Structures are given as C-alpha cells and as structure tokens.
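Notes for the one structure printed next.
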Protein chains: 2
Amino acid sequence: MSSVKRSSAQQLRDALEDDIINGRLTPGERLDPEALGREFSVSRTPVREAIQQLVASGLVTVSPKKGTFVARIGIDQLIEMFEVMAELEGMCGRLAARRISEEELAALREALARCEAAAEAGDTDEYYYENETFHDCIYTASHNGFLAQEARQLKQRLKPYRRLQLQVRQRMGGSLAEHRKIVAAIEQGEAELAEQSLREHVLIQGERFSDFIASVKKLDASATRLDPSHDRTRA
Amino acid sequence: MSSVKRSSAQQLRDALEDDIINGRLTPGERLDPEALGREFSVSRTPVREAIQQLVASGLVTVSPKKGTFVARIGIDQLIEMFEVMAELEGMCGRLAARRISEEELAALREALARCEAAAEAGDTDEYYYENETFHDCIYTASHNGFLAQEARQLKQRLKPYRRLQLQVRQRMGGSLAEHRKIVAAIEQGEAELAEQSLREHVLIQGERFSDFIASVKKLDASATRLDPSHDRTRA
DNA sequence: AGGCGAGCTGATGTATACATCAATAGACCT
DNA sequence: AGGTCTATTGATGTATACATCAGCTCGCCT
C-alpha cells in the first residue's frame, strides 16, 4: 500500500492540514512551532518543514519575527479563487462528458443517488460529504490527472470558508437539481452544457455572497485577536 | 521597494528556480545539497528549505535515500498540463475582454508591436521574450490576481519544456497572426472569441507534438543517466 | 506628562552534529 | 560461477544550539 512509514514532517503536515481544513484551526490563528513540537514529540526542524509546505500550499502564512498564522484569505481574493474554481470544475465537466468511462459513470450516478438520499433525509452534513464525492467523481472522469489534482488542491484551500456556505438548507434542493442536470449532460456527452452547468453550479454559491460575506467578516473579526481558547499547547 | 534583504533560502530558491527554468539545470539532473551549500556558502539547512519549496512548486522531486533531482515530467502529464494551461489562458482572455483598462490595453498593444518587430527581425529569442510579455499582459488584464498567479506558476513549470517548441521559425508567423486576432477580440470586448482564440493559440503548440514529443523523449533519454558534465560542484 | 531611545524578549533563520535507512558492493557459501 | 547474505556507504531526516533581528517595554530626558 501507500508506504505506512512517513516522515514526521509529513505526518505533522497532514495533521495540521486536516486541522485547518476541518476548522479545528481557524484562519488568523497562531501556530507555535515549539508547542507543536512538544505536542508531537519532535523537534522544531520537522515542524518548520511541515509549516513550509503549508505555506507553499497557501494554507499558512509566516511573517518574519512576528509569527506563523493560519492563512486569512481576503474577501476579494476569495472571490477570485471561486472564479477559478468554477472554471476548473467546468473544464472537468467538459472533459468528463467526452471521456467518462462506464465504471466512472456508474460511480457518478451512485454519488448522485447518495446526494439525493442525504437531501431527502435532510442531513446537511451527510449531503456536504456526498456532494464532495460527487464532484470528485467528475474530477476523476476528466481523465486529466493534473487538472484533477489542481481542482482538489484549490477546493481544499477554499474548504475552511466553504463550510459556511451550504449551511443554508434551501440550497440543498437547488444544488441537487443542478447535480441532476450535470449528470444528464455528461451522460449524453454534451460537453459544453456540462461545462456551463458546472460553472454556474459553483458560481451560484459565490453569488450567495450577500449572506456569505457577512459570515466571513464576522469570522475575520473574531479571529483577529489571537483567540487563546484554541491554544493547542494545552493538553 | 521589495525588501532587499531576503533569507539565504529564498535567494537560493530563486537562483535554482532560475537555473531550472532557463535550462542551466536540465530535468533529471541531480541536485547535491552539500555541493550547493558550498557554492553558496551556506549550510545544508537553507539549501534543504529551498529544495522543499521547489518540490512544492513541482520543479524538483526528492526520492528518499536516492537523491534530489530536477523534476522530469512525463509526456502524458505534460499534455495534461498544456490542456490546463490552455484553459487558464483562455479564461484570462475572456475576463480581460470584459475588464481590461485603457492603460492595460495600451500595454497589450505595445507588447504586440514588440512581437511584430521581433518577428520581422527574425529574432526568435527576442520573440520568445516578447511573447511572454504579451501573455503576461493578458494575465494582468484579467483583473483576477489569483488566476494570473496560477497561470504564471504553471507557465514557469512548463518553461523547461517550452523552450523546445517555438524554435520552429515558421511558427512565429502563425503565432503573430493569432496574437493579432486575440488583441482584436479583447479590444472589442468579445469575451468568448478571446477565450477560444487564446485556448487554441496555446493548444496549437500542443498539437505540434509530433515533432515536440520526439525532442522531449530525446531529452529524457540523455538525462536519464545522471549526466556528470553538469556537475555544479566543480568550480 | 508625553515622547523618545536603549535594552530586552521572543520570534524566525542558520549552523552543525547525529540518526536512520535503503541502495550497493563485496565476500562468503553452495 | 552464481546467488545470497551482510557490511559499508551515502543520502535524507532529525535534534540541538546559536545567530539575528523586529517589536515591545521600561525608563530616561525634555
């Protein structure tokens, strides 16, 4: 399997990445290398390495002589990133409509079914998860591994902020309808339609920015002063 | 200005990046941290840091216990990356057609003029350089800084391989005609046309892959055995 | 009392020494 | 002679100590 023995730096990187993506570490929060070293029983060197990698992937920023913090993405850049995300998703859909295999199509239908089930059950968390699987199926079906990788990476980078979005329950119904339309387009090999549908599917969430921006600003403000309640040094 | 005092690791990173992009270090070539340390009069720590960053940006790969090497991109992935590059360029064009400012349009026309001059003079190197400026103008004019950054980064990553392309002199004329078409589309705000023109402009180079692939394979083969003639440790 | 400056503090950046482990080459056994 | 096991080697990975430097505080001067 994928080698079970990974370097401390890699493990730490994954752990921090997961913490950031899943909101256990919020944007603006400070990361103390020494504290992290104590927590994971390693020296500052691999901690530093892990942080460097997170900086490279855009999840962390480090200000010399001031400290390292979970990256705070400005609203303007956030919009820009959504714009690119929509394009990448659209491209995945366009390619998938042309290249998808039978197995992949089956997996896509399965993912759609799971989304429908979650929506019917009103389980927003479950829907959020299955929604990811759905989109991931399309990435894979694009048969462009590099594109899929880029899409996943950007999505990860946006994740700390996305979780504020779909909370709106009404959005689930609309999202589901769009999913069906997307699947239909891919099934029939209508590349342009699939692209446009997916692009809009992503952008619609961006257009709900009225509510969204408010949430972000609020989160920005609360995280401005380094919230000590999230201190990871405490056991 | 942009702080003149940068860390050794950053300087080294930039130096190596430049070496790789401009072909002084060829794909597959080994990078010896100790030798680099001696050359730049620093310890292995900042060297390692620089290498880590290059790994993150995809220009270098490191195999544990075997060594670190300039990244070798397989032909299949190379094609995938060109596909994405074309999409990003197209997106830049589409956005630029809607958002470009007068100043930016002037700069774009200027860049086109320089391309024309270089082409008329038959100076391929100059054309290569001005061609970059031209495309960079479009990135900027997209008014999406994140998109522009991603496009530049991907272009950098492809650069070590792109230099094998435009060598064909005949391509300059065709390229120039496409440039004019692109500028015209942007001038008139025809977003879709600008997008399609740019996408094809990039992909055409990919379709010339018949010749291209041969060159890459040749380069791949010659770099397979770690060529000692490129050893940087020698003064 | 308010502003300014020197020293302190705490953060990142760097150097060096050690640990670890896979690839390799050598010798031994068959 | 061929294959296998083992010891060496050389590479990355990690630990620790030191250097450096900006921000902050405390105290002095005006």
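Hydrogens, waters and symmetry mates are skipped; everything else that's a heavy atom, side chains included, is used. Predicted, not measured: the structure shown is a model, and the values here were computed from it.
- Remark: B:Glu103 engages B:Ser101 in a side chain to side chain donor-acceptor pair (under 3.5 Å) (not counting sequence neighbours).
- Remark: A:Glu17 pairs with A:Arg13 by the salt bridge (Lys or Arg N to Asp or Glu O under 4.0 Å) rule, at least two apart or across chains.
- Scored by the salt bridge (Lys or Arg N to Asp or Glu O under 4.0 Å) test, B:Glu126 finds no partners at all (sequence neighbours excluded).
- Among residue pairs with one or both ends in residues 138-158 of chain A, none qualify as ring-ring contact (aromatic ring centres under 6.0 Å, His included); sequence neighbours excluded.
- Among pairs with a residue in residues 47-63 of chain B, those fulfilling salt bridge (Lys or Arg N to Asp or Glu O under 4.0 Å) read A:Arg48-B:Glu49, A:Glu49-B:Arg48, at least two apart in sequence or across chains.
- A:Arg152 pairs by the salt bridge (Lys or Arg N to Asp or Glu O under 4.0 Å) definition with A:Asp136, not counting sequence neighbours.
- Residues meeting the side chain to side chain donor-acceptor pair (under 3.5 Å) test with A:Glu110, sequence neighbours left out: A:Arg114.
- Taking every nucleotide of DNA chain D with any atom under 4.0 Å from a non-hydrogen atom of chain B, the first and last of them, 5' to 3', are D:dA11 to D:dC21.
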Taking only nitrogen or oxygen atoms into account, show me every contact under 3.5 Å that the protein makes with nucleotides 6-9 of chain C, one pair per line with its distance.
none

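- The stretch residues 44-52 of chain B comes close to DNA chain D through B:Arg44, B:Arg48, each having a heavy atom under 4.0 Å from the strand.
- Every residue two or more places apart in sequence or in another chain that forms a salt bridge (Lys or Arg N to Asp or Glu O under 4.0 Å) with B:Glu87 is listed here: A:Arg94, B:Arg199.
- By the side chain to side chain donor-acceptor pair (under 3.5 Å) test, B:Asp123 pairs with no residue at all, sequence neighbours left out.
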